[in-house]
Amino acid sequence: MGEGQPDLGDQASDGDLVRRTLAGEEQAFEVLVHRYRRLVFRVIRGMVPGAEVEDIGQEAFLRAYRSLGQVQHGSSVGSWLARIAVNLCIDHLRRLRWRQERSFSELGSDETTVLDRLARDESALGEIDRLFLRDLAEKLLGQLTPQDRAVLLLKEREGMETREVARILGCSEMAVRLRLFRARRALRTLLGGESHRGGREG
Amino acid sequence: MKCREAKETLDRRRALASAEADALALHLRACPHCAAVARTRRLTRLLLQALAADDEPSPYFMARLRARLGEAAAPPVASRFGIRLLVPTLASLTLMLASGAYLLSPPPPSPVLSFLDSPAGGSETSSFLGIPRPTHDQILASILEAEERTP
């Protein structure tokens with residue numbers, strides 16, 4: 001964040017920080033922001049294009065601050081913040097999708113080459129131009145519905161359990177499984193790894 | 001190793017014993033379908049990693065947030081004169097915004113999407129003409145099974 005973390009003790013529990021914020025101690029909320037900013041920004045960056053990330057991050061923490069009283073005792077503040085961020089991103093993507101019909105152009109030869117290289121050797125990730133890779137990721141993941149993309153991000157990137165993803169998205173675990181299946185199947189088609197034996201992505 | 005087992009193993013790839021990893025590698029070499037699945041999962045993970053590589057907000061993030069938090073906490077101030085002007089202005093603005101929102105609002109989501117997004121309900125048993133009604137999860141499970149079988 002570039003600025004020092006408020007000196008409230010990083011040892012304080014989330015519940016304690018929530019209580020202190022609600023009692024009017026604004027600095028306690030800053031500790032929560034500092035603690036969860038990376039999770040929130042990873043979620044947002046995984047969901048929406050770069051230019052909007054900072055604004056959505058601001059909005060996410062502002063909403064969290066305004067509705068902090070809704071955090072249930074014993075529930076995870078991280079999951080709750082992720083839920084706010086994901087919902088903001090889904091709303092944002094819905095508006096984008098509606099306003100501009102997304103078109104998908106076939107992958108170019110340079111893009112296919114990069115994907116083949118990464119599929120063979122993960123360590124090549126650090127050698128490929130970051131902007132190029134981001135654009136490619138956005139091109140591919142932008143084809144998914146916002147909810148499918150959120151499931152994929154939370155499961156594959158954040159390594160969350162199906163139950164936690166369901167809680168964040170406010171749907172059932174079975175819905176998460178179905179969305180994950182659909183997202184993986186769609187990406188397999190886009191990435192050119194179509195199955196020889198039908199669509200059993202699993 | 002069978003295909004189903006291979007996919008479950010891919011899901012647990014972060015914590016595989018070496019024997020499991022060897023069995024998976026053997027299966028992937030022999031099965032082009034599972035190899036394609038593994039390739040997609042690896043690339044998906046790397047692409048997501050590339051998108052969210054930089055997870056720090058800008059240096060000004062906290063200062064901006066502090067200012068906005070201050071605004072959020074500040075009580076609204078309005079003079080009597082202000083209120084006299086404010087009421088009709090707000091009424092006109094509300095009417096304009098409502099019309100705009102109606103005209104610009106996206107179409108409602110399809111019933112299938114709404115169903116998918118609804119929380120797990122229907123755990124209570126209900127029936128129609130003596131036939132038990134399937135629960136929300138049973139319906140989604142049958143959709144998933146059907147889609148998994150669809151070429």
Side-chain angles (χ1 to χ4, degrees), chain A residues 1-3 26 29-30 33 37-38 41-42 45-46 54 57-58 61-62 65-66 94-95 98 115 118-119 122 125 130 133-134 136-138 140-141 147 152-153 156-157 159 166 169-175 177-179 181-182 184-185 187-188 191 193-202, chain B residues 3-4 6-8 10-11 14 32-33 35-37 39-66 68-70 72-73 106-107 109 113 115-121 136-141 143-144 147-151:
Chain A
M1 230 176 306
E3 292 161 66
E26 208 171 279
F29 186 69
E30 290 189 21
V33 175
R37 72 196 189 282
R38 287 188 152 167
F41 270 77
R42 273 202 311 274
R45 285 212 162 94
E54 198 85 1
Q58 288 275 329
F61 282 112
L62 207 59
Y65 182 74
R66 285 175 180 149
R94 274 186 181 146
R95 282 195 298 271
W98 180 65
L115 290 172
L118 278 177
E122 290 190 19
L125 189 65
R130 272 175 61 183
L133 209 53
R134 253 190 200 180
L136 179 55
E138 189 50 51
L140 291 162
L141 296 167
Q147 290 89 343
L152 197 72
L153 175 73
E156 300 283 348
R157 175 75 178 94
L169 294 175
C171 63
S172 70
E173 288 182 45
M174 191 53 76
R177 286 181 56 192
L178 184 54
R179 286 201 178 283
F181 169 80
R182 287 178 175 176
R184 283 171 170 171
R185 184 181 56 188
L187 276 178
R188 189 148 56 93
L191 288 165
E194 198 45 61
S195 140
H196 301 281
R197 286 193 287 137
R200 290 188 66 86
E201 168 59 60
Chain B
C3 291
R4 182 170 285 275
K7 284 169 196 156
E8 285 166 4
L10 280 172
D11 280 337
R14 291 174 199 230
H33 167 74
V37 169
R39 177 181 185 269
T40 304
R41 296 214 191 160
R42 192 180 313 126
L43 286 175
T44 303
R45 188 164 37 82
L46 292 171
L47 290 172
L48 286 167
Q49 202 176 316
L51 269 185
D54 183 13
D55 59 4
E56 279 287 2
S58 78
Y60 313 106
F61 181 80
M62 200 61 226
R64 244 184 95 196
L65 185 63
R66 267 190 208 119
R68 293 186 72 186
L69 289 176
L113 278 181
F115 184 77
L116 203 53
D117 290 333
S118 64
H136 180 270
D137 272 2
Q138 282 170 337
I139 295 169
L140 291 181
I143 294 172
L144 178 60
E147 290 195 11
E148 278 181 341
R149 286 183 179 169
T150 308

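Sequence lines set the chain letters: A, B, ... in the order given, protein chains first and strands last, and positions in each chain run from 1.
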Honestly, the part of B:Leu46 sitting under 4.5 Å from a heavy atom of chain A is both

> Is the backbone of A:Leu191 close enough, under 3.5 Å, to the side chain of B:Arg39 for a donor and an acceptor to pair up by distance?
Replying inline: yes

In this structure, CD of A:Glu54 is separated from CG of B:Leu65 (nearest 0.5 Å) by 10.0 Å

Under 3.5 Å: donor-acceptor pair, side chain of A:Gln58, backbone of B:Phe61: yes

Under 3.5 Å: donor-acceptor pair, side chain of B:Arg42, backbone of A:Ala119:
yes

Check whether A:Glu156 reaches the backbone of B:Leu48 with its side chain - one donor and one acceptor, N or O, closer than 3.5 Å. no

Do A:Arg179 and B:Leu140 have side chains that approach each other closer than 4.5 Å (heavy atoms only, starting at C-beta)? no

So, the part of A:Arg66 with a heavy atom under 4.5 Å from chain B: the answer is side chain

One should read off an interatomic distance between A:Leu153 CG and B:Leu47 CG, to the nearest 0.5 angstrom, of 12.0 Å

So CZ of B:Arg45 and CG of A:Leu152: to nearest 0.5 Å the spacing works out to 11.5 Å

CD1 (B:Ile143) and CZ (A:Arg182) are apart, to the nearest 0.5 Å, by 6.5 Å

Salt bridge or not between B:Arg66 and A:Glu30? Use side-chain N to carboxylate O under 4.0 Å. yes

*Can you find a pair of side-chain heavy atoms, one from A:Met174 and one from B:Gln138, that are under 4.5 Å apart?*
no

Interatomic distance, CG@A:Leu141 vs OG1@B:Thr44, rounded to 0.5 Å, equals 7.0 Å

Of all heavy-atom pairs linking B:Asp137 and A:Ser172, the shortest is OD1-OG, 3.2 Å

Min side-chain heavy-atom separation B:Met62-A:Arg37 under 4.5 Å | no

Okay, A:Arg134 and chain B: the region with an atom under 4.5 Å from a heavy atom over there is both

Rounded to the nearest 0.5 angstrom, the CD1-CG distance for B:Ile139 and A:Leu178 is 12.0 Å

